[in-house]
Amino acid sequence: MATVQKPEVNATESLVSPVNSHNEWDPLEEIIVGRLDGATIPSSHPVVACNIPPWAARLQGLAAGFKYPRALIERAQQELDQFIVLLETLGVTVTRPDPVDHAQRFSTPDWSSRGFCNTCPRDSMLVIGDEIIETPMAWPCRYFETHSYRAILKDYFRRGARWTAAPKPQLTDALFEADFRTPEAGEPMRYILTEFEPVFDAADFVRAGRDLFVTRSNVTNRMGIDWLRRHLGSGYRIHEIESRCRTPMHIDTTFLVLAPGKVLVNPEYIDVDRLPDVLSSWDVLIAPEPDPIDERLLKITSMCGKWLSMNILMVDEKRVIAERHHTGMLRALEKWGFEPIPCDLLHYAPFGGSFHCATLDVRRRGTLESYVD
């Protein structure tokens, strides 16, 4: 009697991906929040120094490879813990990376470095629908940063998510302009990166369904943007946002989409008359001047500019988590029809950001749509 061969069942067809996020505002269900454990001052390199003032770069070079002082860690940790409690109170599932000793030295055949930290998952991973993409970052000290998220990534993959890693860059001297100098106001824009290979940080992109917006920067080159454009294919469009910042790095203190038809812009860096035509029908919300930071130690140690007030996190189309200190931004959000939820994360700035930087929204309740003309 002949044996009847049963067709093979593809196990992945019955899985529902835990990763599903198409924009910055659909109702938030699951998020990765960074971790301060083991944070180490970045190893000295021109691509790190080019984004901070020369005096700060000299101090950073002297302290490179050392652990962050406990006084900075403790204050930031208190605020981070309160932020996590807030997210959980709002019904959001919070996932955390593994702790890592970033002071350990590692190397490739061409260079060696110590690590940095895993405080900002927004930089090293990009979520597009049910796919999570490990990005090819330009800072050598961040080369293995996604390893602290591997347990999370493997779990998402087993449960049905797509998991991609962009080509691992070599990060040799050929990627960086020799004798790079930050352009002065009025000079043509230039960047420390060459087009030797594709590199980009996910934090240089924001998502609005089938349309993504990107700033070219000192960590994202043209080749990196082209790699992502080809990888995503014809179902998506990537639009470049021109920034007047002389030291550009990450879009989320320059340009942020908040809800369908609403975009928040930094008036110092953005010429609203030069925004992409696809935004012609959108409301352009001009960010208010940030409230000054009077704490001297925080001003010295912050890795971010004053416009960190824009680094907010949408819980849904109305509710938004914003820094309690920046009362001007809170009032503006209310005026624009949003419901701000004040929270403290001011002392996270020495580690690279605020609410948007410190998180990666993995699942939002929504589907892929087009929101532009």
Return yes if a side-chain donor-acceptor contact under 3.5 Å exists between [X] and [Y], otherwise no.
X      : Y      : answer
Arg246 : Thr182 : no
Ser370 : Arg237 : no
Asp201 : Thr220 : no
Glu30  : Thr95  : yes
Gln78  : His347 : no

Is it possible for you to say whether [X] and [Y] belong to one hydrophobic cluster, with membership spreading through side-chain heavy-atom contacts below 4.5 Å?
X      : Y      : value
Met137 : Leu126 : no
Met249 : Val199 : yes
Val362 : Ile128 : no
Leu298 : Leu80  : no
Tyr269 : Leu256 : yes

Which residues share a salt bridge (Lys or Arg N to Asp or Glu O under 4.0 Å) with Asp155, sequence neighbours left out: Arg159
Applying side chain to side chain contact (heavy atoms under 4.5 Å, CB included) between Arg363 and each of Val19, Asn20, Val92, report the one that passes. Asn20
For Ser309, run the side chain to side chain contact (heavy atoms under 4.5 Å, CB included) check against His325, Glu323, His326 and tell me which one passes. His326
Is it the case that more than 12 heavy atoms not belonging to [X] sit under 6.0 Å from its [atom1] atom?
X      : atom1 : value
Arg70  : CZ    : no
Lys318 : NZ    : no
Asp101 : CG    : yes

Does the ring center of [X] lie less than 6.0 Å from the ring center of [Y]?
X      : Y      : result
Phe83  : Tyr348 : no
Phe116 : His102 : no
Phe144 : Phe106 : yes

Looking at His45 and Pro140, what are the two nearest heavy atoms and their distance? CD2-CG, 3.7 Å
How close do Gly224 and Phe200 get, heavy atom to heavy atom, and via which atoms? O-CD2, 3.6 Å
Can you check whether [Y]'s main-chain N or O pairs, donor with acceptor, with [X]'s side chain at less than 3.5 Å?
X      : Y      : value
Glu187 : Glu184 : yes
Glu88  : Val94  : no
Asp130 : Arg162 : no
Asn23  : Gly209 : no
Asn311 : His356 : yes
Arg122 : Ala358 : no
Asp110 : Leu171 : no
Tyr191 : Pro248 : no
Gln60  : Ala49  : no
Asn51  : Thr247 : yes

For a 4.5 angstrom cut-off between non-hydrogen side-chain atoms, does [X] reach [Y]?
X      : Y      : answer
Val219 : Trp139 : yes
Leu232 : Leu212 : yes
Arg365 : Asp26  : no
Trp25  : Val257 : yes
Val265 : Ile286 : yes
Val284 : Leu279 : no
Val214 : Leu228 : no
Ile32  : Tyr156 : yes

Do NZ/NE/NH1/NH2 and the carboxylate oxygens of [X] and [Y] come within less than 4.0 Å?
X      : Y      : result
Asp204 : Arg216 : no
Lys306 : Glu289 : yes
Arg222 : Glu195 : no
Arg96  : Asp37  : no
Arg324 : Asp291 : no

CA sep, side-chain torsions, deciding dist, call: Leu90, Leu28, side chain to side chain contact (heavy atoms under 4.5 Å, CB included): CA-CA 9 Å; Leu90 293 169; Leu28 183 59; over 6 Å; no
Test log, rule side-chain hydrogen bond (donor to acceptor under 3.5 Å, both in side chains), inputs Arg207 and Ser21: CA-CA 9 Å; Arg207 306 153 307 144; Ser21 182; 2.9 Å; yes
Check step by step if side chain to side chain contact (heavy atoms under 4.5 Å, CB included) holds for Asn221 and Thr194. CA-CA 7 Å; Asn221 63 6; Thr194 69; 6.0 Å; no
Verify side chain to side chain contact (heavy atoms under 4.5 Å, CB included) between Phe180 and Cys50, making sure each step is shown before the conclusion. CA-CA 8 Å; Phe180 172 78; Cys50 73; 3.9 Å; yes
Scan Arg150, Arg142, Lys168 and name whichever one has a salt bridge (charged side-chain N to carboxylate O under 4.0 Å, His left out) with Glu134. Arg150
Which word best sums up how the rings of Phe351 and Tyr68 line up, parallel for under 30°, tilted for 30 to 60°, or perpendicular for over 60°? tilted
Any idea how Phe213 and Phe255 line up, ring-wise: parallel (<30°), tilted (30 to 60°), or perpendicular (>60°)? tilted
